[in-house]
Amino acid sequence: MKRTHMCAEVNENDVNTEVVVMGWVQKRRDLGKLIFIDLRDRSGILQIVFNTEKNSELLRKAVQLRSEFVVAVRGMLVNRSNVNPDMPTGQWEVLADELRILSKAQTPPILIEEEVDANEAMRLKYRYLDLRRHKMQKNLILRHKVAKTARDYFDENGFLEIETPVLIKSTPEGARDYLVPSRVHPGKFFALPQSPQILKQILMVSGFDRYFQIAKCFRDEDLRADRQPEFTQIDLEMSFVDVDDVISINEGFIRRVFHDVLGVDVSTPFPRLTYKEAMERYGSDKPDTRFGLELVDVSDIVKNSGFKVFSDAIARGGSVRAINAKGCGAEFSRKEIDSLGEYVKTYKAKGMAWVAVEENGLRSSITKFMSDDEIQGILKRTEAEAGDLICFIADKNEIVYDALGHLRLEVARRLNIIDDDKLNFLWVTEFPMFEYNEEENRWDAKHHPFTSPMDEDICLLDSDPEKVRAKAYDIVLNGVELGGGSIRIHDQDMQGKIFKLLGFTEEEANSRFGFLLEAFRYGTPPHGGLAYGMDRLVMLMAKTTSIRDVIAFPKVQNSSCLMTGAPDVVDEKQLKELKITTVDQIGTQERINEE
RNA sequence: GGCCCGGUAGUUCAGAUGGUUAGAACGCUAGCCUGUCACGCUAGAGGCCGAGGGUUCGAGUCCCUUCCGGGUCGCCA
């Protein structure tokens, strides 16, 4: 038998013709002398009917069918007497003439149903069953379409897809590397790329002008709902460009991918926020602008306040900022307000002061310490009305932003005011070039050490490195960092200066990035680019909240794969070839030696 | 590494204050049923209550340790 149709791809024109369909038994409804089968393939579900009047022999065979058997069915596609309006193929069914059981199946440990809320561990252990679910198939089909659209779009815009190696030189900095031992060079290791960053820059030196790649990347760090140890970037780089060129080609891509894959029209250009503005208004460098609750700085009002928590924070160079949680004063109990106070402690805030505005007065933890002028000033600045709850954080700016930025999101979630249908794209630009590393007592690159400073800030490099802004940009969708990039340094002298500022000696810079620095000596075009977290992009397009839902075989929080059991021990022989001894073995060896 | 939530039939869950024989739904097995599509009806099987230790006359329930899954902080140039 040769398959003629996918289950859900039959139509009126096929009625009264013979079809052959193959797939999995989704459901058997046995009425005695009449058996219905819902047959499922990746296209959908089609009902098969076995009728004793037509073929009693065949019906006896159909009795054996169970969930997830793989079968082939030949028969006439007919109009149903009882149409099922809830099913895309509900007006037809196949009147079976022949049934072949291609493969029997054990009863599956999880049900292949849309409404499964099976435990995720169970889903991941039996991932092949979980992936049979329509929703998961839809997600992976969506992912395929995103990848295809990326290839089409970038190809049409003159980008070349070029593969870069997966076994590369470790350039420590940033995330922890995954290492691969070399058999040929005992004691030496390859690293898996955290991103193709340096290699794509070298492709610019080679004159490829526009490069892109759908690249696997690896970072040996702890997992989150939106972070896996191996993930996929849509990575691109362009020569002879500045910030606006990169932004514009990427706005085109986003417009295209949402249009082609989801049929949604996204309007461009996207709003741009500087890093400074994003932090001051939203307390985050990846603000969710689908709702208000913006941060308000009240430092000037309370700098001399009798409430020492406020005045002291400001005296120490910090600030006091607030959000007006509209309606929460009326809505939240004391217990709920206190739980917000607990919530901000996650972000190192020592506490949360609050004022609930009521019809006939204020309910508050702090007003007794403050003057009327201060209180009135705050209410005016925060545009407080009866029913509102003003929440304050006083601390170092860094903590104030972080705590209030997260509090803002938490309040919005509790108030359920986030519109899931919105697609709020924006660019965050003008990131600081450096951030101070308290532990190591030096400046680190906020993006990476090849990021170009903004032209107008170059004069500040020596005097005020903290004030230098970079030609770096992130693209944000609904509070999720979708991607980021920068214009790179193409000038050797500037690169040397930046390395020096980052505290690299010449030898260190050479041993880490020598090959790149050398490449730059042979004629380097100005260049820049961007990389998307493809998993996150697909996750948001699929309207799910975990990238595990758009990755076929994801890993769990401890970086293992529940289906295959990776990572696992390997043969002694393999280790021997690699000249690798594990600490456990060393321990054993030492114990043996001691005895 | 820290904090929070969870782990009870195959699956999803319920099991106040410790108390005799641990329940439900779905799934599964068998029988009946010719228009079902959450098919229906009848009967049935199925449990080291994650693991180990402790308290107690008695532990699914309380305590300690540990393992597993999720969220989060740190981490993620």
Side-chain angles (χ1 to χ4, degrees), chain A residues 26-39 45-54 56 59 63 66-68 78 80-87 89-91 93 95 106-126 129-130 171-177 194-195 197-198 217-229 231 339 342-349 402-403 406 410 431 433-435 437 439 443-451 470 472 481 484 486 498 502 504 512-513 533 545-546 548 555-558 560 562:
Chain A
Q26 171 76 28
K27 191 84 192 176
R28 176 189 54 134
R29 287 179 295 278
D30 183 347
L31 277 62
K33 298 205 168 59
L34 188 65
I35 295 177
F36 297 98
I37 296 292
D38 286 341
L39 189 70
I45 287 174
L46 180 61
Q47 177 165 284
I48 315 293
V49 59
F50 298 90
N51 190 327
T52 191
E53 279 176 12
K54 188 159 189 304
S56 60
L59 186 116
V63 169
R66 293 292 180 274
S67 288
E68 302 307 315
V78 297
R80 284 204 206 176
S81 51
N82 290 0
V83 168
N84 180 351
D86 298 329
M87 232 174 121
T89 60
Q91 49 182 308
E93 65 191 1
L95 195 50
Q106 286 181 21
T107 303
I110 55 176
L111 304 181
I112 318 295
E113 281 175 3
E114 262 339 273
E115 298 313 317
V116 279
D117 28 13
N119 183 307
E120 196 161 1
M122 205 42 94
R123 290 175 54 200
L124 290 173
K125 178 166 182 197
Y126 300 99
L129 298 180
D130 190 46
T171 52
E173 274 295 295
R176 195 174 295 115
D177 280 329
Q194 296 176 25
S195 83
Q197 182 61 39
I198 291 173
C217 303
F218 307 85
R219 294 181 188 177
D220 188 3
E221 298 290 350
D222 287 350
L223 285 74
R224 289 288 187 279
D226 62 353
R227 265 166 39 190
Q228 285 271 308
F231 62 101
S339 80
E342 283 307 306
Y343 180 77
V344 297
K345 287 182 184 166
T346 317
Y347 303 97
K348 295 193 193 133
D402 198 29
H406 281 97
E410 178 66 12
F431 276 81
M433 193 73 186
F434 307 104
E435 59 190 349
N437 184 330
E439 275 174 37
W443 293 101
D444 277 347
K446 187 162 175 82
H447 188 54
H448 58 54
F450 318 111
T451 302
E481 182 193 329
S486 63
I498 299 297
L502 292 172
F504 296 170
R512 288 181 182 187
F513 311 114
T545 52
S546 162
R548 293 187 298 271
K555 293 179 174 57
V556 298
Q557 204 163 47
N558 65 16
S560 65
L562 294 182

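The sequence lines fix the lettering, A, B, ..., with proteins before strands; numbering per chain opens at 1.
Rounded to the nearest Å, the gap between the C1' atom of G27(B) and that of G47(B) is 16 Å. Using atom C1' as the reference point in both G15(B) and A59(B), the two lie 14 Å apart (nearest Å). Separating the P atom of G52(B) from that of U42(B) is a span of 40 Å, rounded to the nearest Å. Spacing between C75(B) and G19(B) at atom C1', rounded to whole Å, works out to 49 Å. Look at the C1' atom in both A14(B) and G71(B): the space between them is 24 Å, to the nearest Å. The same atom, C1', is picked in C48(B) and in C4(B); the two are 29 Å apart, to the nearest Å. Nucleotides A51(B) and G60(B) place their C1' atoms 14 Å apart, quoted to the nearest Å. Rounded to a whole angstrom, the distance from the P atom of C49(B) to that of C62(B) is 16 Å.
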- Note on the structure: Nucleotide by nucleotide, nucleotides 31-40 of chain B touches protein heavy atoms under 4.0 Å in the pattern (B base, S sugar-phosphate only, - none) --BBBBB-B-
- Task: Let me have a per-nucleotide readout for nucleotides 68-75 of chain B, 5' to 3', with B, S or -, counting only protein heavy atoms under 4.0 Å.
- Result: -SBBBBBB
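To the nearest angstrom, C1' of U29(B) lies 8 Å from CZ of R66(A). The NZ atom of K345(A) sits 13 Å away from the C1' atom of C3(B) (whole-angstrom rounding). Between L111(A) atom CG and C26(B) atom C1' the separation is 7 Å, expressed in whole Å. Separating the CD1 atom of I110(A) from the C1' atom of A9(B) is a distance of 17 Å, rounded to the nearest angstrom. One atom, CG of D177(A), and another, P of C76(B), lie 12 Å apart when rounded to the nearest Å. Rounding to whole angstrom units, CG of residue D130(A) and C1' of U11(B) are separated by 13 Å. To the nearest angstrom, P of C26(B) lies 19 Å from CD1 of I112(A). Nucleotide G27(B) holds its P atom 8 Å from the CD atom of E113(A), rounded to whole Å.
Of the nucleotides present, none pairs with A16(B) by Watson-Crick or G-U wobble criteria with both distances under 3.5 Å. Of the nucleotides present, none pairs with G27(B) by Watson-Crick or G-U wobble criteria with both distances under 3.5 Å. Under the Watson-Crick or G-U wobble criterion, with both distances below 3.5 Å, C75(B) has no partner in any strand shown. Summarising the base pairing, U61(B) is matched to no nucleotide, lacking a Watson-Crick or G-U wobble pair whose two defining distances lie under 3.5 Å. Partner assigned to A9(B) is none, using Watson-Crick or G-U wobble distances below 3.5 angstrom.
A salt bridge does not link D222(A) with R227(A): none of the charged nitrogens is closer than 4.0 Å to a carboxylate oxygen. D38(A) has no carboxylate O lying under 4.0 Å from a charged side-chain N of K27(A), or vice versa, which leaves the two without a salt bridge.
Look at A24(B): its glycosidic torsion is beyond 90° from 0, and that puts it in the anti range.
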Identify all pairs in which a protein N or O lies below 3.5 Å from an N or O of nucleotides 41-50 of chain B, and state each distance.
none

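Residue L502(A) comes nearest to A445(A) through the heavy atom pair CD2-N, 3.3 Å, listed as atom of the first residue, atom of the second, then distance. The nearest pair of heavy atoms linking A472(A) to T451(A) is CB-CG2, 4.2 Å. Considering every non-hydrogen atom in both P108(A) and L129(A), the closest pair reads CB-CD1, 3.9 Å. Taking every heavy atom of both residues into account, F434(A) and I498(A) meet most closely at CZ-CD1, 4.3 Å.
Aromatic ring orientation, F513(A) versus F450(A): perpendicular (interplanar angle above 60°, classes split at 30° and 60°).
Among the protein residues, S56(A) comes within range of no part of the nucleic acid, since none of its heavy atoms lies under 4.0 Å from any strand.
The environment of K555(A) atom NZ is dense: over 12 non-hydrogen atoms of other residues, nucleotides or ligands sit within 6.0 angstrom.
Taking for each of K446(A) and T107(A) the nucleotide of RNA chain B with the nearest heavy atom, the 5'-most of the two is the partner of T107(A).
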